[in-house]
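A quick write-up on the structure given underneath.
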Amino acid sequence: MLTRLHDLLLRAAHAEANRRSHLYPEIGGTELDDLCNQAADDAVVAVTRKLDGYRGASRFTTWAYGFVILEVSVKLRRHAWRQGRIPTADDDATWDRIAEERGSGLKRVEEADLLRALRRAVTHELTPRQKEVFVAVALNGVQIDVVADQLQSTRGAVYKVLHDARGKLRRRLEREGHLEPEGTR
Amino acid sequence: MSERDLVHRLLGTSGDDPGCDGAFALLAEYVEGELGDGDVEILLPGVAEHLRNCPACREDYEGVAALAAGRVAGDDPYAEQ
């Protein structure tokens, strides 16, 4: 039973790594095989540990696929970023780049009222940890798994920090009249 | 993208989001509901909300959906059980 499960999850791991290969062209060959094997090993352990949580509301394979996809996903991202440092600076360069994402028109963040208000909110509303996560994930597009790895945390815990930070920022922008309260748009 | 759209993208949505762990627990049901033409936005709105806000879980969802649809993994050895 476990051998069969491992075979299934190993095939799934390779399929998923192949599906994402355009995102990680630098990882391949033996290194990728090792990564998939480790993902399948860890997924088998996770599936057997959490078997009580399987409620039969979906096929067993679909449920089990979730675990191996998560393992492949986390391992690929960590591997890709292991030499890098996550950008957490709440600086002019970051905000100028965000402002430029608006496309044509005004380029400097100083000229953009809403973005300026958002930057003020980031400075005044967020805790140091919330700011670190918001700047890395929302402003710089760093994957949550990578931030979780650097902070020795989990995807779920980092997402919670991000979610709470976004809520604080949204409420401040609503209070100041920059955004309409939810449900009124 | 307008400035307002950009800020909304940075802030995500504010609906009932169960977080990564909550969405993961229901991901298989969500995927199969979608494959079966179920209205998962109504049946599992929290998962749908989370997948809009969390790119990492969205990417994982796409992987599970591809496997469950048999588009990449081939035969399902458990299908007959």
Side-chain angles (χ1 to χ4, degrees), chain A residues 4-5 7-8 11-12 15-16 18-20 23 53-55 57-66 68-70 72-74 77 98-99 101-103 105-106 112-115 117-118 134 137-139 141 143-145 154-160 162-163 166-167 169-170 173 178-179 182, chain B residues 1-36 38 43-44 49-50 53-81:
Chain A
R4 208 170 164 202
L5 178 62
D7 287 349
L8 173 77
R11 272 193 293 143
E16 181 63 4
N18 185 51
R19 195 181 71 85
R20 299 188 190 209
L23 298 171
Y54 175 59
R55 301 184 294 120
S58 66
R59 285 188 304 166
F60 177 75
T61 45
T62 307
W63 180 75
Y65 284 151
V68 76
I69 295 289
L70 180 63
V72 169
S73 167
V74 169
R77 288 177 183 137
I98 293 293
E101 284 183 22
R102 290 178 306 134
L106 304 175
D113 285 347
L114 185 54
L115 276 178
L118 177 60
F134 183 80
V137 177
L139 300 187
Q143 297 284 356
I144 287 181
D145 293 330
T154 63
R155 180 192 293 185
V158 171
Y159 183 80
K160 174 80 167 54
L162 177 66
H163 186 69
R166 283 170 155 170
L169 297 174
R170 190 182 300 107
L173 293 179
H178 294 288
L179 291 179
E182 286 284 321
Chain B
M1 183 187 297
S2 74
E3 183 181 307
R4 190 158 298 272
D5 290 343
L6 173 61
V7 168
H8 279 300
R9 179 173 66 75
L10 295 174
L11 296 183
T13 60
S14 65
D16 187 14
D17 185 334
C20 300
D21 296 339
F24 182 82
L26 295 168
L27 189 61
E29 288 170 56
Y30 184 89
V31 165
E32 290 192 356
E34 204 168 43
L35 288 173
L43 295 173
L44 297 166
E49 179 76 8
H50 182 69
N53 288 331
C54 181
C57 289
R58 177 84 201 173
E59 187 69 30
D60 290 0
Y61 148 77
E62 288 169 2
V64 175
L67 288 167
R71 290 198 295 271
V72 287
D75 295 334
D76 178 348
Y78 292 90
E80 294 164 11
Q81 295 183 359

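Reminder, nothing fancy here: chain letters follow the sequence lines and each chain counts from 1.
By the 4.5 Å heavy-atom criterion applied to side chains, A:H163 and B:C54 are not counted as neighbours. Counting heavy atoms from C-beta on, the side chains of A:L179 and B:L11 come closer than 4.5 Å. You'll find the side chain of A:W63 stays beyond 4.5 Å of the side chain of B:V31, heavy atoms only.
With a threshold of 4.5 angstrom between heavy atoms, A:Y54 does not approach chain B through any atom at all.
The distance from atom CD of B:E29 to atom CZ of A:R55, rounded to the nearest 0.5 Å, is 4.5 Å. Atom CD1 of A:I69 sits about 9.5 Å away from atom CG of B:L27, to the nearest 0.5 Å. Note: B:L67 CG to A:L8 CG = 8.5 Å, rounded to the nearest 0.5 Å. Note that the NZ atom of A:K160 and the CG atom of B:D21 stand 12.0 Å from one another [nearest 0.5 Å]. Considering CD of A:E16 and CD of B:E59, their distance stands at 7.0 Å, rounded to 0.5 Å.
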Take B:H50 and A:Y159 through the side chain to side chain contact (heavy atoms under 4.5 Å, CB included) test and state the conclusion after the steps. CA-CA 10 Å; B:H50 182 69; A:Y159 183 80; 3.4 Å; yes
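In terms of modelled atom types and a separation under 3.5 Å, the side chain of A:R59 and the main chain of B:A28 share no donor-acceptor contact.
When each of A:S73, A:G53, A:A64 is scored by its heavy-atom pairs under 4.5 Å with chain B, the top score falls to A:S73. Of the listed residues (A:D145, A:L70, A:L173, A:L162), the greatest number of heavy-atom pairs within a distance under 4.5 Å of chain B belongs to A:L70.
Counting only N and O atoms by type, the side chains of B:E32 and A:S58 include no donor and acceptor under 3.5 Å apart.
The shortest non-hydrogen separation linking A:R170 to B:G12 is NH2-O, 3.2 Å.
Using a 4.0 Å cut-off between charged nitrogen and carboxylate oxygen, A:R166 and B:D17 do not count as a salt-bridge pair.
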